[in-house]
Amino acid sequence: MGKWKRTGMCAQFGKEDAGRVVTLNGWVDSRRNLGGLLFVWLRDRSGVMQLVFGDKCKDFSLAESLRAEYVVSVTGRLALRDAANVNKALKTGEIELVAEELHIISKAVTPPFSIERDSKVKEELRLKYRYLDLRRPDMQENLILRSRIANVMRNFMHENGFVEVETPILQKSTPEGARDYIVPSRIKKGSFYALPQSPQIFKQLLMVAGFDRYYQIAKCFRDEDLRADRQPEFTQLDMELSFVDAEDVMELNERLIRKIMKEALDADVQLPLPRYSYKEAMERFGSDKPDTRFGLELKDVSDIARDCGFKVFSDAVKNGGSVRGLSTEGGQLSRKEIDALGEFIKTCGAKGLAWVNVKEGEISSPIAKFLSEEEMEKILTRMNAKPGDVLFFVADQPSVVFTALGALRLELGRKFSLIDESRHDLLWITEFPMFEYSQEEGRYVAMHHPFTSPLDEDIDLLETDLARIRAKAYDIVLNGNEIGGGSIRIHDAVLQERVFQALGFSKETAWNRFGFMMGAFQYGTPPHGGLAYGLDRLMMLLAGSRNIKDVIAFPKVQNASCLMSDAPSEVEQKQLDELGILVAPSKNE
RNA sequence: GGCCUGGUAGUUCAGUUGGUUAGAACGCUAGCCUGUCACGCUAGAGGUCGAGAGUUCGAGUCUCUUCCAGGUCGCCA
């Protein structure tokens, strides 16, 4: 770089630096040529400095040849701007660099989109030219915030006695849970590694190994379809602790999340965080990740509905389901809007949406004719109905009712702008069900994972009533988003075998899949438990984005490909031969 | 795998009932301009209307197929 080496970053200087001779390196952000006077904004990671090319500049015509995104080095004297020329929108708006010497380090072709904040360019194009997209200030801020938060996390973990250990990326496939990404073995043809869905088993083995407190910022992989808040390749802050119970893990993580919220948003989080049992969260909010920043809580009207004249209601209750409702609490809706919500609810799995529009002295409702005045009165009382409210009801199996009304609640919260965006509602969900019935598998499967410990008082239900067993599992929720989850694990080999049995694994299957773990547990296992945060999703929320790609440098698109590098792609025949892989001809060939 | 939305200039978009040479803004190129900061003024270039087939005298517009992207349901221990 020689004499063109920079003496500082573009936006590090202020009015106190006026008079200094400095050299800046950066990208040409914008230029305004007034004839004999040329203004250029020079940009680097720190921000922007205005350069002025005029009489003092030795080579004005070279400056006139500058174009967007040229990389240059400029030497000149920092000068105070006249009061009339101060740009308050710019961090460095009180000064400017009066350029004397200019060196074009590298030219640039005109970029496919301009490098600016709040880009309106299609995501597809941004991702194809991600290296240009990442030049935009908001993307730089997101990734810099991410780096700062990762640093807060690492410091916190070390201050609290955690040891950072890396676990393998090439692992044994354990086909419980999400679909694995598979990597072929060259040495052992026909055998495969799997990329980790999480470091779960290895971190538990580190507890057996006596590391006591482990953490890792770990890459994880799940071969499932993408969403706005989900990538196939993602990052966890993963931790595991020995000789702890759930209280210890939650207390430690409350202190961690308080630090993170302070660092990222300057928000003061009150501890301890509120806790809701899974049951309470579902019954009040229809969700195991409730957004508590607004009301519209669900109410149970099953007891009234059981013997009412509306068969949809009464049959639902008699078939083991329930009827629950929520009120708009004053939010008014047109008939057209109500019908649209009825359609919306069907996409959430409900068969239909019953509604009552409460007006002064009368009600309008398609279900009124099925109910006696007394029944309707009881329902209105239960729902605390006032004129102006619209009441909605769903009758079905509990899971359907909760899912539908939970989604409806969020939709109404958005529609009526009830969500206070300045709030940061953090909370724990505890006492998750240990198992859930899988229609596809035709058996109960672990809701969390099969190493999660049941609540002590529920252990004896393992052989009798799986649906009622609660787990020592906890999720941490921020503004209606699950940002982390964990559990106390099973450290007793006998209990672990009972759980595998409950899941329908034979002893052979269990040992085949998890034998190395069960074997390890015979050699003295401390009680242990942990937690993992979805770092990307947490960062998305902290950055105020609704798109997880905004906090990942090089994300994948919906079909799990990378638009920039074009991965996945075909490989050479030689590579396939070495791996002993025969590729079936694709449909278009 | 299902459903919904979108694809027109480099970018963001408009394009009426199917009808003349497909437009605007920004960007780009050239010229003028010494205090701009969304600089201004003048002129100009720039289009496989995602692709293919069909209907029609005539298709950006209608039909079918297909590709790409986004959202969502399923899926995500």
Side-chain angles (χ1 to χ4, degrees), chain A residues 29-41 48-57 60 64 67-69 79 81-90 92-93 96 98 109-116 118-129 132 174-180 197-198 200-201 220-232 234 343-344 346-350 403-404 407 432-436 438-441 444-452 471 473 482 485 487 499 503 513-514 532 534 537 546-547 549 556-559 561 563 587-588:
Chain A
D29 190 79
S30 63
R31 66 203 155 88
R32 291 171 292 280
N33 190 346
L34 277 64
L37 192 64
L38 172 63
F39 296 95
V40 170
W41 276 6
V48 158
M49 172 69 74
Q50 176 163 278
L51 314 176
V52 192
F53 294 91
D55 303 334
K56 296 262 170 51
C57 182
F60 189 78
E64 281 193 303
R67 293 294 181 273
E69 304 309 313
R81 298 197 196 185
D82 291 343
N85 293 328
V86 167
N87 185 344
K88 285 181 184 146
L90 218 55
T92 56
E96 60 196 2
V98 181
V109 297
T110 305
F113 51 85
S114 56
I115 309 303
E116 61 189 356
D118 300 325
S119 180
K120 292 193 172 63
V121 176
K122 252 191 230 73
E123 193 175 73
E124 187 177 354
L125 196 68
R126 288 174 50 201
L127 290 172
K128 185 176 175 190
Y129 298 94
L132 296 179
T174 53
E176 273 286 280
R179 193 178 294 118
D180 280 330
Q197 298 181 21
S198 91
Q200 185 62 37
I201 291 174
C220 304
F221 307 85
R222 292 177 191 173
D223 188 3
E224 299 290 349
D225 285 351
L226 284 78
R227 287 289 185 279
D229 64 351
R230 207 163 79 195
Q231 285 272 307
F234 62 103
E343 288 305 309
F344 168 77
K346 284 180 190 164
T347 68
C348 307
T403 305
F432 277 85
M434 179 97 174
F435 303 101
E436 61 188 339
S438 163
Q439 295 290 343
E440 195 186 335
E441 302 263 332
Y444 279 92
V445 297
M447 191 159 174
H448 198 48
H449 56 63
F451 319 115
T452 303
E482 179 196 334
S487 65
V499 169
L503 287 168
R513 288 187 185 175
F514 307 111
R537 193 175 297 168
R546 263 182 277 179
N547 185 344
K549 299 188 194 87
K556 305 277 191 291
V557 297
Q558 198 172 27
N559 66 3
S561 69
L563 294 179
K587 275 182 282 183
N588 354 332

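Bear in mind the structure is a predicted one, so any value in this text is a computation, not a measurement. Each chain gets a letter, A, B and so on, in the order its sequence line appears, and its residues count up from 1.
Between the CG atom of A:Leu125 and the C1' atom of B:G10 there is a distance of 9 Å, given to the nearest Å. The CD-P distance, from A:Glu116 to B:A38, rounds to 12 Å in whole Å. Atom-to-atom, CZ of A:Phe60 to P of B:C33 comes out at 11 Å; the value is rounded to the nearest Å. As a whole-Å value, the separation of A:Phe39 CZ from B:C33 C1' is 12 Å. Computed from coordinates, the A:Gln50 CD to B:U34 P distance equals 17 Å when rounded to whole Å. In this structure, CZ of A:Arg227 is placed 7 Å from P of B:G74, rounded to the nearest angstrom. Rounded to an integer number of Å, the gap from A:Asp225 CG to B:A69 P is 13 Å. Atom CD in A:Glu343 sits about 15 Å away from atom C1' in B:U72, given to the nearest Å.
For A:Asn85, taking side-chain heavy atoms from C-beta onward, the closest of the listed nucleotides B:A69, B:G1, B:C37 is B:C37. The side chain of A:Lys549 has B:G71 as its nearest neighbour among B:G71, B:C73, B:U12. With distances taken from any side-chain atom of A:Arg230 to the nucleotides B:C75, B:C68, B:U11, the minimum falls on B:C75. The side chain of A:Gln558 lies closest to B:U72 when the candidates are B:U11, B:U72, B:C76. Looking at the side chain of A:Glu224, the nearest of the listed nucleotides B:C37, B:C76, B:U72 is B:C76. In the set B:U34, B:C37, B:U72, the nucleotide with an atom closest to the side chain of A:Leu37 is B:U34. Ranking B:U34, B:U72, B:C75 by closeness to the A:Leu34 side chain, first place goes to B:U34. Of the listed nucleotides (B:U11, B:C28, B:G74), B:C28 has the atom at the smallest distance from the side chain of A:Thr110. In this structure, the nucleotide among B:U36, B:G71, B:A69 sitting nearest to the side chain of A:Ser561 is B:A69.
A side-chain donor-acceptor contact under 3.5 Å links A:Arg81 to the backbone of A:Gly93. Side-chain N or O atoms of A:Glu224 include one that pairs as donor or acceptor with a backbone N or O of A:Arg179 at under 3.5 Å. Side chain of A:Arg126 to backbone of A:Val121: no donor-acceptor contact under 3.5 angstrom is found. Here the side chain of A:Thr403 pairs no donor or acceptor atom with the backbone of A:Cys348 at under 3.5 angstrom.
The partner of B:C62 is B:G54, judged by Watson-Crick or G-U wobble contacts that both fall below 3.5 Å. Base-pair partner of B:A69: B:U5 (Watson-Crick or G-U wobble, both distances under 3.5 Å). The base-pairing partner of B:C26, taking Watson-Crick or G-U wobble contacts with both distances under 3.5 Å, is B:G10.
If you check every strand for non-hydrogen atoms under 4.0 Å, A:Gln197 touches nothing. Using a 4.0 Å heavy-atom criterion, one finds that A:Glu124 contacts the sugar-phosphate atoms exclusively. In this structure, A:Arg81 reaches the bases: a heavy-atom distance under 4.0 Å links it to at least one base atom across the strands shown. Residue contacts shown for A:Leu38 are absent, as no nucleic acid heavy atom lies under 4.0 Å away. Among the heavy atoms of the strands, none lies under 4.0 Å from A:Ser119. Among the atoms of the strands shown, base atoms are found under 4.0 Å from some heavy atom of A:Asn33. Among the heavy atoms of the strands lying under 4.0 Å from A:Arg31 are primed sugar atoms or P, OP1, OP2 only; no base atom is included. Within the nucleic acid shown, A:Asp82 has no heavy atom closer than 4.0 Å to any nucleic acid atom. Contacts of A:Val557 with the nucleic acid, taken as non-hydrogen atoms under 4.0 Å apart, involve only primed sugar atoms and P, OP1 or OP2. Across all strands shown, A:Lys346 has no heavy atoms under 4.0 Å from either base or sugar-phosphate atoms. Backbone-only contact: A:Leu563 has heavy atoms under 4.0 Å from sugar-phosphate atoms and none from a base. Across all strands shown, A:Glu96 has heavy atoms under 4.0 Å from base atoms, whether or not it also approaches the sugar-phosphate.
Within 6.0 Å of NZ in A:Lys556 there are more than 12 heavy atoms belonging to other residues, nucleotides or ligands.
As rounded to the nearest Å, B:A53 and B:A59 have C1' atoms that lie 13 Å from one another. Comparing the same atom, C1', in B:C41 and in B:U56 gives a spacing of 48 Å after rounding to whole Å. B:A9 and B:U5 have their C1' atoms separated by 24 Å, with the value rounded to a whole Å. Atom C1' of B:U29 sits at a distance of 27 Å from the matching atom of B:G15, rounded to the whole Å. Here, B:G58 and B:U21 have their C1' atoms 15 Å apart, quoted to the whole Å. Annotation: B:A22 and B:G60 have their P atoms spaced 10 Å apart (nearest Å). Taking the P atom of each, B:G50 and B:G10 are spaced 13 Å apart, rounded to whole Å. Of the P atoms belonging to B:C57 and B:G52, the separation is 23 Å, rounded to the nearest Å.
Here A:Arg32 reaches the OP1 or OP2 of B:C39: one of its side-chain N or O atoms lies under 4.0 Å away. Here A:Lys122 reaches the OP1 or OP2 of B:U12: one of its side-chain N or O atoms lies under 4.0 Å away.
You'll find the side chain of A:Glu116 stays beyond 4.5 Å of the side chain of A:Ser30, heavy atoms only. Considering only heavy atoms from C-beta on, A:Arg32 comes within 4.5 Å of A:Gln50 through its side chain.
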message: Could you walk me through whether A:Leu37 and A:Val52 satisfy the side-chain contact (heavy atoms from CB on, under 4.5 Å) test, starting with their C-alpha distance in whole Å, then the side-chain angles of each, then the deciding distance to 0.1 Å, before giving a yes or no?
response: CA-CA 7 Å; A:Leu37 192 64; A:Val52 192; 3.7 Å; yes
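With hydrogens and angles left out, the side chain of A:Arg546 and the base of B:G71 share no donor-acceptor pair within 3.5 Å.
With 3.5 Å as the limit, one finds a donor-acceptor pair spanning the side chains of A:Asn547 and A:Glu123.
Along RNA chain B, the nucleotide nearest A:Glu64 and the nucleotide nearest A:Lys120 are compared for position; the residue whose nucleotide lies closer to the 5' end is A:Lys120. Heavy-atom nearest nucleotides on RNA chain B were determined for A:Thr403 and for A:Arg222, and the one closer to the 5' end corresponds to A:Thr403.
By the 5.5 angstrom centroid cut-off and the 30-degree plane limit, A:Phe113 is classified as not stacked against the base of B:U11.
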